[in-house]
Amino acid sequence: MNVAIIGSGPSAFYAAQSLSNHDDINIDILEKLFAPFGLVRYGVAPDHQKTKNIIKLFNRVLDKKNVNFFGNIFITKDISLDFISDIYDAVIIATGASEDKKLGIRGENLKGVYGSGEFVGWYNDNPIHKDLNPNLETNTAVIIGNGNVALDCARVLAKQKEELEGSDVSSKNLNLLSKSNIKRIHIIGRRGPKESKFTISELREFLGLREFSVKVNFSRDKLKELLKDEMIDTRVKKNLELFDEFYNQSHKEKEIIFDFFKSPKEFIGENNVLEIKLTKSNHEEQIIKSGLVIKAIGYKVSKIDGLEMDKTNNFYLSKEGHITRNIYATGWAADNSIGVIGTNKGRAINTVKKILSEVKPVKLNSTQKLKENFREKKINFISKDMWKSIDKFEEENAMPEFVREKFTSIDSALKILNNN
Ligand code: NAP
């Protein structure tokens, strides 16, 4: 059987892992960027190297004889989905959710207002977002949303150079971050501390920040009341207990401020954002002056012609992973963009099981036909071996105490490959 997987993030690799256990299945992974690993390379925060360790497992999958990698191939821009569907027995869309959800309020397009996908992409050297150049000269940053991505963004902004050692942040971004003027980071939740989606280990990291203390804009007495609830969920209880600890922290000059029950109403500015108008639950308005806003409110897929969207408009409509014809989906392409990396494993295994039970292999020479198409269209792809060399260069070029120095464009990566 010949299977094409579109995308090379965690769900793609979990699907490839499951398929590759069958020697008679040939798996071709097609990735729009030159480098594999999607969310793990470009989404997980640079200082969360333990989470990025899953790449070791994905590399073992990539090493298998029946798994191929074609980087720098953009389905549907370079090659149509129909063509892929014609030459393979099955296609798995594992493209993740690469677009930021929108708030739909005035001023959202001002410079300095970014989706977390853009901002996280920037600090992770994603070739698409590497030139974002966020305004770090502002004194105040505002992050909208009470999920773990909001915490990632705040932590990266708050960490000093030495605190980022051991990460894979690039020399260019480290230099920009170390010159940052940001002294206040507001994390804005439209609901309360009880409803926040944070997890405890991510929240706990805020206790150890060198230059930032944490302020909780919520009555401590009310927090204690919430903690009295015996039915409270364990995750929520742990979060609330930690918020309680934050009140005891000694105040530092720089602050991360948790603001609850406030919703963004408008971003104000000429070309660049200057102020954020918020409405509180009592309908009062509040203005925060800020030149950097990050909307960490979740993600959705990029639409692909011919694929129907779910009613939420956030992911492709599928029936247990089957979209249409021989096209399947898994991971955040097939469901809401929530959960940790490992959550996608079970979903990928289920999609693979469905394919194995439904698809009769009839297509021949799929990889060959794909490569012929590249030749005809003069498309340069990054092969598995080329990626291995790029990966090695990145590690060798790392600053002392850092993990790697990522290439931020295919051209710079190819230049090094051609010179060696
Ligand atoms: P998330 O956990 O779903 O959080 C999104 C936040 O945005 C929620 O607080 C939500 O509030 C808020 N929001 C949504 N629409 C809004 C609006 N119109 N106005 C104001 N606020 C709005 O999403 P995420 O932070 O993007 O994370 C995605 C997934 O990746 C999550 O499952 C997360 O746990 C996971 N992740 C894990 C880690 C880790 O384990 N270290 C790191 C990063 C991400 P409501 O609750 O009121 O809707």
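The figures that follow rest on heavy atoms only: side chains count, while hydrogens, waters and symmetry mates do not. Since we're looking at a predicted model, the values are computed, not measured. Both ligands and their constituent atoms are indexed starting at 1 by order of listing.
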Task: Pairing residues for Glu202 by the salt bridge (charged side-chain N to carboxylate O under 4.0 Å, His left out) criterion, not counting sequence neighbours - done: none
Open item on the list: Salt bridge check, Glu225 against Lys228: does any charged N sit closer than 4.0 Å to a carboxylate O?
Closed with: yes
Open item on the list: Can a donor-acceptor pair be found, under 3.5 Å and without considering hydrogens, that links the side chain of Asp100 to the backbone of Gly117?
Closed with: yes
TODO: Can you see which heavy atom on Ile143 is nearest to which on Ala296, and at what distance?
DONE: CG2-CB, 4.2 Å
Starting from the N and O atoms of ligand 1, collect every protein N/O partner closer than 3.5 Å and put each pair on its own line with the distance to 0.1 Å.
| residue | atom | partner | partner atom | Å |
| --- | --- | --- | --- | --- |
| ligand 1 | 7 (O) | Ala296 | O | 3.4 |
| ligand 1 | 9 (O) | Asn146 | N | 2.9 |
| ligand 1 | 15 (N) | Arg190 | NH2 | 3.4 |
| ligand 1 | 25 (O) | Asn148 | N | 3.4 |
| ligand 1 | 25 (O) | Val149 | N | 3.1 |
| ligand 1 | 32 (O) | Gly339 | N | 2.6 |
| ligand 1 | 34 (O) | Asn148 | ND2 | 3.0 |
| ligand 1 | 41 (N) | Glu202 | OE2 | 2.7 |
| ligand 1 | 46 (O) | Arg191 | NH2 | 2.9 |
| ligand 1 | 46 (O) | Lys197 | NZ | 2.9 |
| ligand 1 | 47 (O) | Arg190 | NE | 2.9 |
| ligand 1 | 47 (O) | Arg191 | NE | 2.8 |
| ligand 1 | 48 (O) | Arg190 | NH2 | 2.8 |

Task: Residues Asp47, Arg155: salt bridge by 4.0 Å N-O rule - done: yes
Task: Atom pair CD1 (Ile379) and CZ (Phe74), whose distance is rounded to the nearest 0.5 Å - done: 12.0 Å
